[in-house]
J.: 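One structure is given below, represented as structure tokens, and several questions about it will come after.
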Amino acid sequence: MPSTQQPPIAGAAIDPPSVRPAIDDAVIERVDVQALRARLQALKADGYTMLLDIGGVDYLPREPRFDVVYHLLKMPLKAANVQQVGTPQRFRLLCSVRDGEPVPSVMDLWRNADWAEREIFDLFGIVFENHVDLRRIQMPYDWEGYPLRKDYPVRGPARERSPRPAFALKSNVQAGTPPTGRTLEALQEQVKQARDGESK
Amino acid sequence: MSTTPLTPEIVSQEGNAMVLSMGPQHPSTHGVLQIMLEIEGESVVKAEPEIGYLHTGIEKNMENLFWSQGQTNAERMDYLAPSSNALCYALAVEKLLGITDRIPERAQHIRVLLSELTRIASHCVWLGTHGIDLGAISVFFYCFDLRENILDLQEASGGARMHPNYVRVGGLNGDLPAGYVEKLDALIAKFPGRMRELRGLLQANPIFQDRTIDVGTMSAEDAVAWGVTGPALRGSGIAYDVRKAFPYSSYDQFQFDIPTRTEGDAYARFLVRLDEMEESMRIIEQVRKKLDTPGHVAIDDPKIFAPPKETIALSMEALIHHFKIVSEGFRVPPGDVYQAIEGPRGELAYYIVSNGENRPYRVRTRPPSLYNLQCLKGMAPGNLIADLVVMIGSLDPVFGEVDR
């Protein structure tokens, strides 16, 4: 069954931050794949010690097709109270990736990138270079296709109908016979007899 | 605890090493977690959690549902704290719509109330099951009795015990019903005594202390490197709490502290969560005082929030708005947003991309449990299998949101 998803409206969501002023929740930046690793290394050296999340987005007709989104947080590396933590700076790094183009893994910079990258590989089919253990994480190992791609259908193919059981055959229904084979009159008669038996 | 990252070179098959699959039906894995263990005798050489047994494609489904329908799916992720998930999703969509400032104050207070109630309820489940893992059965009954009172409140407000779907984009689904505040007062009165009992059962219990002190130790640096948030991070000494760092709803109006510990072991995380329950109750008491002031609980914008059902018989516009919202939902301007809240397990966040349609283009969840669970890979090696059970319990993963 084909996907029921609507393709994105032409050109509108190609680059959300460019469509309208970005919502002020983080520092937002966009880099190329070639410059990605160097930029992330520089950010880590700059104090973005925590990798909050890596997300993927598929903008189907666009080229390059995917966005990989890194969410970083400036976090102290030792015990700190509320005042010392304050309002830590968030950083959002967007990186456009073509289909089949490898993305450098950041597993050696932030250890929790492991599962995040595996999940993007599993659901989008984006390959991360130098990842130690890149295999499916959410879907079964032998799954084909990448479910979160926009051209992946929401539903699987319709199953074949199982043959109708004998009691539901058309001839029975046409004759007005319930599946039990007993007619309404027969049932009423049975009930009446039972009641008569009770009263006697 | 081994602090070196796991690479294939470290793992050896020589000697007495043996591979053991723990789960996915193991009772102490709190759901459907499988851990591939490499063990030598009783000690763990390598632990590789295998997840995905509960993957239901919630994120894919949400791309195909209206903005308001997606919320029902969001609640199903962390099934122990449905209101937190719903609140985070609603806040993200409200930010995209640009209506964050227009949410009525009463709705904000009730949202705070709900997320603190779910925090206590969720910690109750954690404490009860953590106790059972360690052989303390009776804690479970005390915890579930307390949770029952909170579920009653959830049922009263939202109509359902587990997934009330009460927090909506634009406000709340109706005001609190009559009798709610009285039930809440009863809970507030009952809570301190119940907490004393819970602490009395476990906190000074020598068996419990033996099993948890110095088990699953995680330094602040490790916790940050693994992306651990919530009570697990605060148990390692870093007082990062989204409620204080990036206040949302009306959290900036209430007084509360962020309990922290510096030991970083399972016992520290246990104490942090217990203190957190008491801090939550402190917030609830403050919210309770503000609940006497009546007010609107939803935004006054019929394009986003359907007008009350009673008005559709009286007003043509109300009928049209109702029909539009039910049949095609509302549209959200294009853009992307990262909205985080402090869920019971840590930083719960949604990264949502909108392309101006009546459905989200992409919803990415940052489930706190996923990252908290992942640190098991660094924490477990070198420890006993029996301690692994303590570690899983002290990280408090919920597999609805790990697998989504």
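FYI, side chains are in, hydrogens and waters are out, and symmetry mates aren't considered; it's all heavy atoms of this structure. Throughout, protein chains are lettered first and strands after them, A, B, ... in sequence-line order, and every chain is numbered starting at 1.
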J.: Heavy-atom pairs under 4.5 Å with chain A are the metric here; pick the option from B:T365, B:V242, B:I51, B:T262 that has the most.
T.: B:I51
J.: Checking B:Y240 against chain A: side chain, backbone, both or neither under 4.5 Å from a heavy atom?
T.: both
J.: Report the relative orientation of the aromatic rings in B:W67 and B:Y89; use parallel for angles under 30°, tilted for 30 to 60°, perpendicular for over 60°.
T.: tilted
J.: Counting only heavy atoms closer than 4.5 Å, note whether B:E59 contacts chain A via side chain, backbone, both or neither.
T.: both
J.: Side chain, backbone, both or neither: which part of B:Y338 has a non-hydrogen atom closer than 4.5 Å to chain A?
T.: both
J.: B:L370 versus chain A, heavy atoms under 4.5 Å apart: side chain, backbone, both or neither?
T.: both
J.: So what's closer than 4.5 Å to chain A heavy atoms on B:T229: side chain, backbone, both or neither?
T.: side chain
J.: Sort A:P147 into side chain, backbone, both or neither according to what part of it lies under 4.5 angstrom from a heavy atom of chain B.
T.: backbone
J.: Does any backbone or side-chain atom of B:P49 lie under 4.5 Å from a heavy atom of chain A? Answer side chain, backbone, both or neither.
T.: both
J.: Pick from B:A245, B:G57, B:P367, B:S236: which one has the most heavy-atom pairs with chain A under 4.5 Å?
T.: B:A245
J.: Quick check for you: among B:L54, B:V402, B:I238, which has the greatest number of heavy-atom pairs under 4.5 Å with chain A?
T.: B:I238
J.: Which bit of B:N61 comes within less than 4.5 Å of chain A, counting heavy atoms only: side chain, backbone, both or neither?
T.: side chain
J.: Please determine whether the number of non-hydrogen atoms from other residues, nucleotides or ligands lying under 6.0 Å from atom CD of B:E328 exceeds 12.
T.: yes
J.: Where on A:D133 is there a heavy atom nearer than 4.5 Å to chain B: the side chain, the backbone, both, or neither?
T.: side chain
J.: Measuring heavy-atom distances to chain B, does A:L109 have an atom under 4.5 Å in its side chain, in its backbone, in both, or in neither?
T.: neither
J.: Between A:Q84 and chain B, which part of the residue has a heavy atom less than 4.5 Å away: side chain, backbone, both or neither?
T.: neither
J.: Name the region of B:R234, side chain, backbone, both or neither, that has any atom closer than 4.5 Å to a heavy atom of chain A.
T.: neither
J.: Please give me the minimum heavy-atom distance between A:F121 and A:R136, naming the atom from each residue.
T.: CE2-N, 4.1 Å
